[in-house]
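Inspection log for the structure reproduced underneath, given as structure tokens.
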Amino acid sequence: MRTTSFCKAAYAAALWCCAATGFAVAHVPDAAPVQDLGVSEVSVDDGYKPTTSANYTEITSDVWEGKALSAADLLSTLPGIQSYKQGGLGSFQTVSIRGIAARNILICVDGVPLNDASGGAVNLGSIDLNQMEKVEVYKNNVPAKFGVSGVGGAINFVTKNAVKKGGRVLAAYGNHNTWEGSFQVATPVTDSIMFASSFATRHSDNDYEYTNRNGTQYNDKDDYTATRENAKFTDVSGNVQFRMLHGNGYFSTLSVTATHAESGNPGKEEQQTKVAKFLGQSALVRYGFESVGYFGETLFLNGGVSARFDKNISSTYYPLDHIGYSNSRYIEYGAAVYKVAPEITAEWTPVERLVGSMRLAGEWERAEARGDSKDWAMDRFTFLGSGDLYYQIFKYGGLGTEGSMQLLKDHLDKGEFVQPTGTRRLEDAEDRDATVSGRIYSRLGAAESPLTGEVSIGRFYQQPALMELYGSYPGILSNPNLKREKATKFEASGLFRLPGGQTDFRATYFESHIEDGICWVILAELLRAENVGRSRVRGAEFELNSTPAKFMDVVLRATFQKTEDRSHSNTYRGNMLPGEPERSYFAEATFHLPLGFDFGWASEWRSVIYSDRANRMNQPAVATHRANLAYNPFEKTRLTFSVDNITDEKYRNFYTPFPMPGREYKFTIIQGF
């Protein structure tokens, strides 16, 4: 039996990872050196490792800690990503990537998808960044390790882990009675077991002031200042993790995560609610293992199983909340979703300059009614196989490919589902064809090359979600005949590094053609998912990272894109896609001052966007600015004061039901130990 201690084994694993990373710079897809946005100097020695793939960006916790940034705010600082918010802390938030809507983007926590049976976008407002170590962003495709299922890319939030001994406490307070608190600790239990735990909570009254236009868009004389009501938000989350070294050299990890969130549903700006509310609960249990190397460390096996539960319920009462219901009884509806997903992955290097990986996974997903919805239940069984292969043809170039296959079977257990002809029982689910996705790519340049590049083209598919096929909520029609969405995507990028490694410049051209996009349309005052979306997105991203002097870091980013609705309807054809600006810019400068002070300034600007497919509801160009001042009195102590939306920008379109907060302040203290 092996007697290697956890620390020795972890050290050896770290050395192996460093060696593998060095090899992966020119050889491994999506494992190239990453952009650590939390480091102050742009140099390899100091931790900044710009990726040779414009498809991938990694953001560390240094970027957001102490700043008034939500998950959506953080992601929208990257080129090609747009954010959408429906209010203050905890409000519904999503992002789009390169013109592709949020519902088509895979959102994961520790590699476990959060997307559920409803088919809607994942609410990023429910993610507490205080629980996260880093965020991985894949813009062009969903990588093989996640199954390559989806047309819009992937975002993976990685929680604090049980690898490094230590801990920290965070406390923050801001206006509108907004406060945050978190605690993390990691410590060895024995020589072979590492324990980590974290706890976090957030709260805001969200009682900010806004301009109520009194239901008249073009008459400013009757506008008045109102205070947001019934918008209070509170959530609590916790995580426990054990990382174990076994006698045969294997590592295994057991983690349990749970969250509970409650919030009011404030209603429209001129029609505030009193008692409407939302309740969300989730739990995730995951066990995974990592093998030692086989066949001279040319083969590594990893695997595991995860079980997830989510419940979301909305409620209101008509006499107190006049939000349009035609009856006076208490209304509560929602759904519970259960998921179980086993998986196994293999990474191998069969011959020199050839590397690859493969993943096999299954998933059982069950959705059930909650609240006043008529009793219903649906099951989906999915099998996923995915893999990638990359061959370094010569020192300065190579070819790679990745692909996936998805097989699924739906089952309608019970319940009445809404049809255009009325409500009736659907006995059987429609059969779905197998889905195959993939892309090929070529990389040019070695790790030490001042100029590197990548070109890729891929064809991706995404199956409709259960609740899009078999509408279950009140007012939602079933459409079992929905087709899968399709996308053809092309990307070409280049990265240029100036001598000395203090400045790098990246440029990317991207193009996507979407077919059979799923949109919700109104039929006789009811909603039904239809394959009416057809669009084309073309654009370019530019990014400059530089340290012109030891005391200053600069980041400049820009996105130019043309989004075009190409559906057959004359009403929409040729229009811009909703929520997508033609131009957006981001600039940030950080100054490292004497006596342990840091000062940062960031500005964002976007051009006009439209809220609807007909391009009749426009929101004007918006510029926002934020600043933060940080002080490090001791080695493990950091104090930060931040101001968001300095110019107090509050404008939102007349038809947007959720007014946004104006200027916000936040004070944060972080103490490590």
**Complete:** Closest non-hydrogen contact found for I100 with I105 is O-CD1, 3.9 Å

Looking only at the side chains, is there a donor atom on one of [X] and [Y] sitting less than 3.5 Å from an acceptor on the other?
X: Y390; Y: Q392; result: yes
X: S603; Y: W605; result: no
X: T637; Y: Q671; result: yes
X: T159; Y: D110; result: yes
X: T503; Y: S546; result: yes
X: H513; Y: E511; result: yes
X: Y56; Y: E58; result: yes
X: Q93; Y: S83; result: no
X: N239; Y: Q131; result: no

So that I can tick it off, tell me whether [Y] and [X] are bridged by a salt bridge, with the cut-off set at under 4.0 angstrom between side-chain N and carboxylate O.
X: R638; Y: D62; value: no
X: K145; Y: E347; value: no
X: E491; Y: R439; value: no

**Message:** Could you work out, with salt bridge (Lys or Arg N to Asp or Glu O under 4.0 Å) as the rule, every residue matching R202, not counting sequence neighbours?
**Reply:**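 R202 satisfies salt bridge (Lys or Arg N to Asp or Glu O under 4.0 Å) with D128, D235 once adjacent residues are dropped.
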
**Item:** Partner residues of R566 under the salt bridge (Lys or Arg N to Asp or Glu O under 4.0 Å) criterion, sequence neighbours left out
**Value:**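 Expected list: E564.
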
**Heavy atoms from other residues, nucleotides or ligands near CD1 of I440 exceed 12 (cutoff 6.0 Å)** = no

**Message:** Please check if the number of heavy atoms outside F634 that lie under 6.0 Å from its CZ is greater than 12.
**Reply:** no

**Item:** Ring geometry between Y631 and F597 (parallel below 30°, tilted from 30 to 60°, perpendicular above 60°)
**Value:**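 Parallel, since the angle between the ring planes stays under 30°.
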
**Message:** Please verify the inter-ring angle class for F560 with F542; under 30° counts as parallel, over 60° as perpendicular, anything in between as tilted.
**Reply:**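 Ring orientation, 0 to 90° scale: perpendicular.
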
**Message:** Could you check whether any side-chain heavy atom of T640 comes within less than 4.5 Å of a side-chain heavy atom of E65, counting everything from C-beta outward?
**Reply:**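 No. Closest side-chain heavy atoms not under 4.5 Å.
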
**Request:** Provide the full list of salt bridge (charged side-chain N to carboxylate O under 4.0 Å, His left out) pairs with a residue in residues 578-594, sequence neighbours left out, each pair given once.
**Result:** K67-E588

**Complete:** CE of M358 to CG of L389, rounded to nearest 0.5 Å, is 11.5 Å

